[in-house]
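See structure below.
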Amino acid sequence: MIDPLPTERTDRPFFGPEYACALVNLATSTMRSAHNFDGAFSPWKAIYFMFVEEHLAAFQKAYVQPPEIVSTNKSEGKSPFAWFKPVDRFDVDVAITALPVSVNRAQLLAMARSEEIGTAELCISILAWGGMHGANRRRLFERPARPWLELAHEVRMGSLSRSEAYDAFAALRTGEAMLIGMGPAYFTKLLYFLAPRHSKGYILDQWLGCSINLITGRMLVHLNENIVWKRPTSGLVAEINSFVSDANTGENYENFCQAVEALSRSLGGKWTPDATERALISDGGRRPHEWRIYVERMRQHRLVGGL
């Protein structure tokens with residue numbers, strides 16, 4: 001058994017000709033998505049998804065086969081040890097033990113299943129892997145960490161459904177604002193890695209939100225979007241950033257997760273929900289993946305047209 005945190009420092013479908021013909025039915029009458037703490041199931045309405053044929057075809061063109069999530073020693077994201085080093089551990093209200101020098105997605109999933117890894121150390125490793133900015137790290141850890149780490153431990157123990165976990169984290173961002181510095185894009189990373197299989201959630205950042213809204217043709221995820229106009233020597237340019245809104249609820253998150261699972265079923269073969277989520281987020285940076293380029297182009301067309 002994984003020990004608790006130490007106390008001392010040691011809807012409806014859209015129908016139209018532009019939509020794919022396959023209708024994905026996730027359940028016959030209700031969807032039993034997760035166990036409650038007492039072992040009972042929490043019912044959800046059956047949700048039906050149709051996917052925009054044009055965007056589904058672009059996704060399948062960008063991915064001839066699903067991305068593999070293999071256990072290798074290849075490092076991803078930031079080093080947990082180096083990322084957390086600027087934090088004074090004596091100012092944190094939960095004891096933090098040794099942190100790994102490097103991690104990747106497969107290693108974090110394995111760490112979450114290990115009884116040898118504490119929840120606090122695991123959460124720090126996940127946030128470092130995700131590349132949380134240093135300013136947000138400071139905001140997060142200069143306030144009490146115990147409330148959100150205890151919630152993270154509940155998620156790890158499987159006592160909350162993914163929608164309940166989302167609502168609980170979202171609630172920490174209101175009132176006294178204990179959770180400044182970690183919004184939905186990051187606390188859903190905790191849900192993805194921490195939750196056991198029966199309450200599995202998926203990462204919901206701007207790229208997952210943009211991708212799933214695009215491919216379903218529905219606003220499953222509420223996004224705040226910021227446009228900055230610039231005029232460099234090449235002409236008028238719009239820089240666009242999207243953010244997962246705090247207006248989203250556990251129900252929005254559940255719908256998003258079910259859409260990821262429905263898409264993986266529609267794709268078939270080796271397309272697991274994990275692989276589907278990984279493909280939807282794609283890679284950015286200086287050499288962005290084909291799907292990321294497509295999503296950015298469609299977002300620009302939706303928000304500012306062809307300029």
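- Evaluation of the ring pair (Phe, Tyr, Trp, His ring centres under 6.0 Å) rule for Trp83 yields no partner, not counting sequence neighbours.
- Salt-bridge check for Glu239 with Lys230: passed, with a basic side-chain N closer than 4.0 Å to an acidic carboxylate O.
- The structure places CG of Leu179 at 10.0 Å from OG1 of Thr174, a figure rounded to the nearest 0.5 Å.
- Counting only distance, with no hydrogens or angles, the side chain of Arg156 and the backbone of Ala112 share a donor-acceptor pair below 3.5 Å.
- Residue Ile96 comes nearest to Ala120 through the heavy atom pair CD1-CB, 3.8 Å, listed as atom of the first residue, atom of the second, then distance.
- Listed for the Ser199 side chain is no donor-acceptor partner under 3.5 Å among the backbone atoms of Gly158.
- Separation of atoms CD (Glu150) and CG (Leu172) is listed at 10.5 Å; rounding is to 0.5 Å.
- Just one of Arg162, Glu277, Glu261 meets the side-chain hydrogen bond (donor to acceptor under 3.5 Å, both in side chains) condition when paired with Tyr202; it is Glu261.
- Both tests do not hold together for Lys189 against Tyr192: distance to the six-membered ring centre under 6.0 Å, angle to the ring axis within 45°.
- For the atom pair Ser282 OG and Arg292 CZ, the distance stands at 4.0 Å (nearest 0.5 Å).
- Counting heavy atoms from C-beta outward, Pro100 and Phe81 have side chains that stay 4.5 Å or more apart.
- In this structure a side-chain-to-backbone donor-acceptor pair under 3.5 Å is missing from Arg138 to Gly134.
- Checked by atom type and distance alone, the side chain of Thr188 pairs as donor or acceptor with a backbone atom of Leu204 at under 3.5 Å.
- Judged by distance alone, with hydrogens and angles left aside, the side-chain atoms of Arg89 form a donor-acceptor pair with the main-chain N or O of Thr97 at under 3.5 Å.
- Considering only heavy atoms from C-beta on, Leu160 comes within 4.5 Å of Leu151 through its side chain.
- With sequence neighbours left out, the side-chain hydrogen bond (donor to acceptor under 3.5 Å, both in side chains) criterion links His289 to no other residue.
- With sequence neighbours excluded, no residue forms a side-chain hydrogen bond (donor to acceptor under 3.5 Å, both in side chains) with Asp205.
- Inter-residue side-chain proximity for Ile240 and Val228 is flagged as unmet; no heavy-atom pair is nearer than 4.5 Å.
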(request) Step by step, work out the side chain to side chain contact (heavy atoms under 4.5 Å, CB included) result for Ile281 and Ser211. (result) CA-CA 7 Å; Ile281 198 170; Ser211 291; over 6 Å; no

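- Proximity of Asp246 to Asn224: side-chain heavy atoms (C-beta onward) are nowhere separated by under 4.5 Å.
- Closest of all the heavy-atom pairs between Val103 and Ser125 is CG2-O, 4.1 Å.
- Side-chain atoms of Pro66 and Thr276, non-hydrogen and from C-beta on, never get closer than 4.5 Å to each other.
- Annotation for Val52 and Leu214: closest pair CG2-O, 3.8 Å, computed over non-hydrogen atoms.
- The closest side-chain heavy-atom distance from Leu127 to Met182 is below 4.5 Å.
- Phe59 and Tyr294 have their aromatic ring centers separated by at least 6.0 angstrom.
- Across all their heavy atoms, Val92 and Ala145 have their closest contact at CG1-CB, 4.3 Å.
- Taking the salt bridge (charged side-chain N to carboxylate O under 4.0 Å, His left out) definition, one finds that Arg302 meets it with Glu225, sequence neighbours left out.
- For the 3.5 Å distance criterion, the side chains of Glu296 and Gln300 fail to qualify, holding no donor opposite an acceptor.
- Listed by first and then second residue, the side-chain hydrogen bond (donor to acceptor under 3.5 Å, both in side chains) pairs involving residues 56-65 are Lys61-Glu290 (not counting sequence neighbours).
- The cationic group of Arg105 does not satisfy the cation-pi geometry with Trp129, failing either the under 6.0 Å distance to the six-membered ring centre or the 45° limit from the ring axis.
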(request) Check the pair Leu109, Phe193 against side chain to side chain contact (heavy atoms under 4.5 Å, CB included), reporting the backbone distance first and the verdict last. (result) CA-CA 6 Å; Leu109 289 169; Phe193 286 107; 3.6 Å; yes

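- Here CG of Asn213 is found 9.0 Å from NE2 of His222. Values are rounded to the nearest 0.5 Å.
- The same ILVMFWY cluster, assembled from side-chain heavy atoms under 4.5 Å apart, contains both Leu303 and Trp229.
- In this structure, Cys210 and Val295 have side chains that are in contact, with non-hydrogen atoms separated by less than 4.5 Å.
- Applying the ring-ring contact (aromatic ring centres under 6.0 Å, His included) definition to pairs two or more places apart or across chains, those involving residues 233-263 are Tyr166-Tyr253.
- Counting only heavy atoms from C-beta outward, the side chains of Leu191 and Phe169 approach each other to under 4.5 Å.
- Electrostatic pairing of Asp283 and Arg278 counts as a salt bridge here, judged by a charged N lying under 4.0 Å from a carboxylate O.
- Annotation: the span from Lys74 atom NZ to Ser102 atom OG amounts to 12.5 Å, rounded to 0.5 Å.
- Among residues two or more places apart in sequence or in another chain, the side-chain hydrogen bond (donor to acceptor under 3.5 Å, both in side chains) test is passed with Gln206 by Arg299.
- The side-chain contact (heavy atoms from CB on, under 4.5 Å) search around Cys123 returns Thr119, Trp148, Leu149, Ala152, Leu190, Leu194, not counting sequence neighbours.
- Partners of Asn73 by side-chain contact (heavy atoms from CB on, under 4.5 Å), not counting sequence neighbours, listed by chain and number: Gln107.
- Considering only residues two or more places apart in sequence or on other chains, Arg137 meets the side-chain hydrogen bond (donor to acceptor under 3.5 Å, both in side chains) condition with none of them.
- Contact record, Ser159 with Glu164: O-OE1, 4.5 Å, taken as the closest heavy-atom pair.
- With sequence neighbours excluded, no residue satisfies salt bridge (charged side-chain N to carboxylate O under 4.0 Å, His left out) with Arg287.
- Considering every non-hydrogen atom in both Pro80 and Ala128, the closest pair reads CA-CB, 3.6 Å.
- Leu236 and Ile227 fall within the same hydrophobic cluster, where Ile, Leu, Val, Met, Phe, Trp and Tyr residues are linked whenever their side-chain heavy atoms come under 4.5 Å apart, directly or through other members.
- Applying the side-chain contact (heavy atoms from CB on, under 4.5 Å) test to Thr249 and every residue at least two apart in sequence or in another chain returns Asp167, Glu251, Asn252.
- Note that the CG atom of Leu220 and the CG atom of Leu208 stand 12.0 Å from one another [nearest 0.5 Å].
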